[in-house]
Amino acid sequence: MTCGVEAKRKVQITWYKRWIPVHTNLVQVKYQSRDGRKIVSQLRITNVKCEDSGLYRCVATTDLQYSTKTFVVQIYDRTKGQTCYSRFG
């Protein structure tokens, strides 16, 4: 999942699953301008499990405002022949 933003002020991106911050070892900053006003961040899930299903949010914040982008992740379990669903989004 990729999230990018450009702002007039320095911006920071944080990834969440169910409004809980995602562990930083899954997040990679692909690009950030020297002044910090443009950033592209990527969330990469490896060794996927059914528990990884759910809503993920990328939240870009400055000192004055924020913006969000939501991703719905559905995992298909080939061993069970069915899609995994998250009970809590």
V11-Y66 co-clustered via ILVMFWY side chain contacts under 4.5 Å
no
Give a yes or no on whether a salt bridge exists between R9 and D63, defined as a side-chain N under 4.0 angstrom from a carboxylate O.
yes
Value for CZ (R37) from OG1 (T62), rounded to nearest 0.5 Å, stands at 12.0 Å
V5 and I13 have their tightest heavy-atom pair at CG1-CD1, 4.1 Å
Side chain to side chain contact (heavy atoms under 4.5 Å, CB included) test vs Y56 passes for just one of V72, L43, T70, namely L43
Evaluate side chain to side chain contact (heavy atoms under 4.5 Å, CB included) for Y76 paired with C84, printing each intermediate quantity in order. CA-CA 6 Å; Y76 181 79; C84 306; over 6 Å; no
Correct closest heavy-atom pair for F71 and T2 would be CZ-O, 3.4 Å
Here the gap from I45 atom CD1 to D52 atom CG, rounded to the nearest 0.5 Å, amounts to 5.0 Å
dist W19:CH2 -> L55:CG (nearest 0.5 Å) comes out at 10.0 Å
Item to complete: Dump the intermediate steps for side chain to side chain contact (heavy atoms under 4.5 Å, CB included) on D77 and T83, then the final yes or no.
Response: CA-CA 6 Å; D77 186 339; T83 301; over 6 Å; no
Rounded to the nearest 0.5 Å, the NZ atom of K10 sits from the CD1 atom of I39 at a distance of 9.0 Å
Practice item. Check the pair R57, W15 against side chain to side chain contact (heavy atoms under 4.5 Å, CB included), reporting the backbone distance first and the verdict last. Key: CA-CA 6 Å; R57 290 178 181 88; W15 286 90; over 6 Å; no
Cluster overlap M1 with V48, hydrophobic side-chain contacts below 4.5 Å = yes
Tightest non-hydrogen contact, residues R18 and E51, listed as NH2-O, 4.3 Å
Interatomic distance, OG@S41 vs NZ@K69, rounded to 0.5 Å, equals 11.0 Å
Interatomic distance, NZ@K80 vs SG@C50, rounded to 0.5 Å, equals 5.5 Å
